[in-house]
Protein chains: 2
Amino acid sequence: MSDLREKIIQTSLELFDRYGFHGVTVKQIVQQTNTSKGGFYHHFQSKDELLFVIHDTFITYVLKEAQAANVIHSSPIPKVQAIIQSFVQVFDLYKPHISVFYQESLYLKPAYEEEIKGKRDEFKRMVFNVIAEGQESGHFRRELPLEITGMAILGMVNWIYKWYRRDGTYTIDQIAEVFTDLVLHFLLPGKEDSEYFRHMLKVPFFYESE
Amino acid sequence: MSDLREKIIQTSLELFDRYGFHGVTVKQIVQQTNTSKGGFYHHFQSKDELLFVIHDTFITYVLKEAQAANVIHSSPIPKVQAIIQSFVQVFDLYKPHISVFYQESLYLKPAYEEEIKGKRDEFKRMVFNVIAEGQESGHFRRELPLEITGMAILGMVNWIYKWYRRDGTYTIDQIAEVFTDLVLHFLLPGKEDSEYFRHMLKVPFFYESE
DNA sequence: AAATAAAGACCGACTGGTTGGTCTGTTGTA
DNA sequence: TACAACAGACCAACCAGTCGGTCTTTATTT
């Protein structure tokens, strides 16, 4: 495959990450890449297609990782660990992709958007399934509403793109460890929750009273 | 104060929420609002100022709420409860504002950006402080790295704007209850952690071995 | 109270600069 | 010779913002 194509993607990624998709012109991209409009449009049908390609390479990768983690393990607990682990680590590998993914997905043309949405939903479904399995098998707290708990997990991980820096205090692996710890702490049933309930004004709605 | 100004903001909010800041032209805004370019630019210096106003009304509100919650309670646990509660509820009140806030903040002009950043950082600092207090007083697990834990909480809550719908399965109050439960479950030391550690491959780096 | 002045609110045709994309080439190479 | 890879001048569309002007409300003077 062409060398220029990859170079254009890399350059665009850096520019989009800093200035946003709409803050970068095709002219800027080709100048920064040392090529021309002709070069650009030889490899991409449009600026929108470039946006799609960036989205797609990222979500495809994440999906594959999750599927792998899902197959390797059988018990819900290691599954959750593996999925969170690999999911968090993606933010080190694909940070610029991810920024674009979450900031600019609104601007994907309908045809592109549909394809991305399909893969994104499949990933979400996988995460939810693992939690549901754990609840059914009794490993995880049954009283937790699946939807809310699942989105809480996706949220805390996804948000990483807003604050993670390679030269920050903690490595991506350390972050993954802490996140796994946090998630397991609220998923696993813990003894009597007396200490917890003592500080609550009322019993939360989702606790089965029986 | 003028009625038109508010009407413009409301219309813009709906349009930005659906099509993004760059997907909406001033012309569209004034047509949808039944006014004119003149009407628009009489109330706003620029399209960018409108973007700033939306950012500012939201973050100012959140900050005030957090400060109130901070003052009312003295013990860390009710503080955390109150802050999460009010923070989550904001997503019902200000959903479109928040979408714009997180999707388009990249496009704020430097002067505007600085002002927003100041308030946003102050809010973040407050959340972190509450956790730190709880750790010092022994209410919360000391081994958790403040930075990562804090960002996990901010992440799970902030992400709500991506999935919350008023006509969804759960009300915003129910979501707030579950989130409070999740957070307290990973903050509070409770359960001896044997059940948890049994499933870990190794002791996480942040556990003080003492 | 009437007349007049001044200020504020709003209108909409117009513009200057920008931008994604095109098109006609040119170069290298198999 | 044929074709892919790239160059770069060019264009039509679009868009934020302007500006001279109108209408309405408020303030000031007579």
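Here is the naming used below: chain letters follow the sequence lines, and residue numbers restart at 1 for every chain.
- Rounding to whole angstrom units, CZ of residue A/F40 and C1' of D/dA4 are separated by 19 Å.
- Taking atom NZ of B/K37 as the reference point, atom P of D/dA16 lies 7 Å away to the nearest angstrom.
- For B/F123 and B/F87, the distance between ring centers is under 6.0 angstrom.
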**Request:** Go through A/D56 and A/Y112 one step at a time and tell me if the side chain to side chain donor-acceptor pair (under 3.5 Å) criterion holds.
**Result:** CA-CA 9 Å; A/D56 196 59; A/Y112 293 137; over 6 Å; no
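- One atom, CG of A/D48, and another, P of C/dT19, lie 16 Å apart when rounded to the nearest Å.
- Within 6.0 Å of CZ in B/F205 there are more than 12 heavy atoms belonging to other residues, nucleotides or ligands.
- At least one test fails for B/K47 against the ring of B/F44: distance under 6.0 Å to the centre or angle within 45° of the axis.
- Rounded to whole Å, the distance from NZ on B/K27 to P on C/dC11 is 16 Å.
- Distance, B/L51 CG to D/dA16 P: 13 Å, rounded to whole Å.
- Both B/Y41 and B/G38 sit near DNA chain D, but only B/Y41 has its closest nucleotide nearer the 5' end.
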List, with names and distances, any nitrogen or oxygen atoms from the protein found under 3.5 Å away from nitrogen or oxygen atoms belonging to nucleotides 22-25 of chain D.
none

Contacts under 3.5 Å, N or O only, protein and nucleotides 25-30 of chain C:
none

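- Between A/F21 and A/Y107, the distance separating the two ring centers is not shorter than 6.0 angstrom.
- Screening A/V157, A/L154, A/V80 for a side chain to side chain contact (heavy atoms under 4.5 Å, CB included) with A/V127, the sole residue that qualifies is A/L154.
- Between B/Y61 and B/H97, the distance separating the two ring centers is not shorter than 6.0 angstrom.
- Close placement of the B/F58 and B/F101 rings is indicated, their centers lying within 6.0 Å of each other.
- One interatomic measurement links the two molecules: NZ of A/K47 to C1' of C/dT22, which rounds to 17 Å at whole-angstrom precision.
- Per the geometry, NE2 belonging to B/H42 stands 16 Å off C1' belonging to D/dG20, to the nearest Å.
- A salt bridge does not link A/D121 with A/R125: every distance from a Lys NZ or Arg NE/NH1/NH2 to an Asp or Glu carboxylate oxygen is 4.0 Å or more.
- Between A/F16 and A/P96, every side-chain heavy-atom pair lies at or beyond the 4.5 Å cut-off.
- Computed from coordinates, the B/R5 CZ to C/dC10 P distance equals 12 Å when rounded to whole Å.
- Proximity of A/S36 to the phosphate of D/dG8: no side-chain N or O atom is located under 4.0 Å from OP1 or OP2.
- In this structure, A/K162 is not positioned above the aromatic face of A/Y164 in the sense of NZ or CZ being under 6.0 Å from the six-membered ring centre and within 45° of the axis.
- Applying a 4.0 Å cut-off to non-hydrogen atoms, the residues of residues 8-25 of chain A that approach DNA chain C are A/V24, A/T25, listed by residue number.
- Side-chain atoms of A/H43 lie closest to D/dC6 of the nucleotides C/dC10, D/dC6, D/dG17.
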